[in-house]
Number of protein chains: 2
Amino acid sequence: MIDRLLSAPLSPLEVSPEPETTRQRILRVGMACFAQEGFAGATTRMIASAAGVTLPVIAYHFGNKDGLHLACAEEIVEQHRRRLLPVAAAARCAADDGSLTADQARIWLEKILATLVAAITADDEQRLATDFVLRELSEQGPGYHLLYEELWKPGMELVAELIAIARGRSATVEGDRVGAMMLLASLSSLTRDEPVASAFLGGSASEEPHRTLIGECARRMLSGLIAA
Amino acid sequence: MIDRLLSAPLSPLEVSPEPETTRQRILRVGMACFAQEGFAGATTRMIASAAGVTLPVIAYHFGNKDGLHLACAEEIVEQHRRRLLPVAAAARCAADDGSLTADQARIWLEKILATLVAAITADDEQRLATDFVLRELSEQGPGYHLLYEELWKPGMELVAELIAIARGRSATVEGDRVGAMMLLASLSSLTRDEPVASAFLGGSASEEPHRTLIGECARRMLSGLIAA
DNA sequence: TAAGCCCTATATCATTTGATAGGTTTATTG
DNA sequence: CAATAAACCTATCAAATGATATAGGGCTTA
């Protein structure tokens with residue numbers, strides 16, 4: 001996996017003229033290692049070796065292991081912002097407006113779910129970023145607060161609000177927050193426990209037909225969650 | 001957390017006449033450490049210290065760190081078997097019988113969900129066992145195969161079968177398996193990401209009113225999942 | 001060309017961690 | 001009582017790990 005990332009340093013989208021800098025390479029490899037091994041499990045030597053540099057280079061660019069981890073978290077917040085913010089911002093705008101009907105809220109929720117399904121069944125780099133976030137939320141390493149405050153919490157609060165509106169309430173109650181957590185959690189385990197999912201489903205969750213089935217199940221569960 | 005376990009070595013159920021053996025104590029503390037810190041994060045010294053013994057005692061009873069971890073997994077398989085097997089076996093018996101109606105299957109699923117909600121909102125010891133399992137499924141340490149084959153896989157296959165019957169099919173299709181995974185995953189994150197859940201919900205998921213709300217959301221999502 | 005800075009490598013340190021060698025105590029047994 | 005084995009401890013080792021002191025190369029700039 002890490003080898004594959006090394007040999008494909010650039011996403012097909014960015015036709016970057018200048019080659020990837022050492023700092024960017026360490027960041028990318030570090031994200032992969034932390035996502036796969038966890039903060040304690042990923043060693044600085046492992047990351048340095050996979051990035052094709054020596055140990056002090058990491059210290060030079062990021063101070064220490066904590067700094068690298070934090071930098072990975074910051075990078076991911078930026079990445080996910082670019083990807084998810086468009087739909088999230090539009091939905092929040094509509095929700096704050098107060099003019100959202102229950103049906104419209106439901107459509108927004110389905111759109112968000114589709115975006116998240118796409119995120120966890122996307123290319124390796126994006127999936128590793130997602131894994132990094134999910135692992136960090138349970139490990140609480142150096143990047144925890146950043147990811148929780150900047151990514152997880154606002155996203156979850158938006159979903160909870162939309163659920164409330166979809167269920168005909170104007171304000172969120174405790175149950176909406178529980179529902180939001182559980183709904184999105186149903187998706188997260190598919191990437192967090194990818195080996196388990198692959199073994200049980202007989203193939204990667206990011207490939208068809210699983211990709212389609214996951215979206216379908218998510219919509220069904222959402223439907224039940226907001227049913228009257 | 002570990003301190004609390006140390007000071008409360010016996011579950012209120014078992015009025016054991018003989019005190020806990022050293023081996024049992026190490027096993028219990030080890031489960032807690034592995035559940036909280038992961039296999040790499042939990043050090044043998046940490047476990048030995050928390051159990052009130054020295055390092056070689058672990059080696060004496062379990063060979064090495066891997067052996068202790070595996071023994072924890074075996075202990076947990078036994079524990080969960082005692083707790084979950086009654087309902088699981090009855091459900092499987094009914095499912096294999098072939099005479100299960102869709103409504104009956106749905107009732108079985110609700111019963112299983114209620115059992116799992118109880119498991120993740122139960123006392124510390126049982127929750128730590130659950131955390132151990134969930135962490136191991138994503139980390140794939142020494143105890144992975146045992147937990148996957150003996151606990152996770154059979155349970156998930158049962159749920160998938162029941163979902164298929166509840167949806168009016170006689171055999172499970174890929175979508176039922178995806179649905180089973182996602183349905184149970186919605187519960188797992190509440191204990192795996194307990195700090196996140198507590199921060200977001202403003203209180204432990206194992207306390208009211210969250211306990212009730214979790215069960216309610218689970219039933220709603222199940223309802224949507226098996227809806228025609 | 002010389003000075004200075006950015007970036008990277010070699011070599012090394014102190015700590016942590018898993019493991020073990022050898023001795024001590026306690027209980028059991030012939 | 002002597003002998004044996006089980007259970008545990010002290011002391012220590014070797015490997016792994018995060019970190020760093022020091023030096024070298026390449027580039028710009030004066």
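A note on names: the letters A, B, ... follow the listed sequences, proteins ahead of strands, and every chain is numbered from 1.
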Original post:
Checking side chain to side chain contact (heavy atoms under 4.5 Å, CB included) for the pair B:His69/B:Phe34: CA distance, chi angles, key distance, verdict?
Top reply: CA-CA 8 Å; B:His69 193 264; B:Phe34 285 135; 3.6 Å; yes

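The side-chain tip of A:Lys153 does not point at the ring of B:Phe200 from less than 6.0 angstrom away and within 45° of straight on.
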Subject >> B/S/- contact track for nucleotides 6-18 of chain D, protein heavy atom under 4.0 Å >> reply: SBSBB------BB

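Between B:Arg81 and B:Glu78, at least one side-chain N (NZ, or NE/NH1/NH2) sits under 4.0 Å from a carboxylate O, which counts as a salt bridge.
The backbone N or O of A:Ala160 lies less than 3.5 Å from no partner atom in the side chain of A:Arg177, so there is not a single donor-acceptor pair.
Between the side chains of B:Gln126 and B:Thr130, not a single donor N or O lies within less than 3.5 Å of an accepting N or O.
At whole-Å resolution of the value, CZ in A:Phe62 and C1' in C:dC7 are 13 Å apart.
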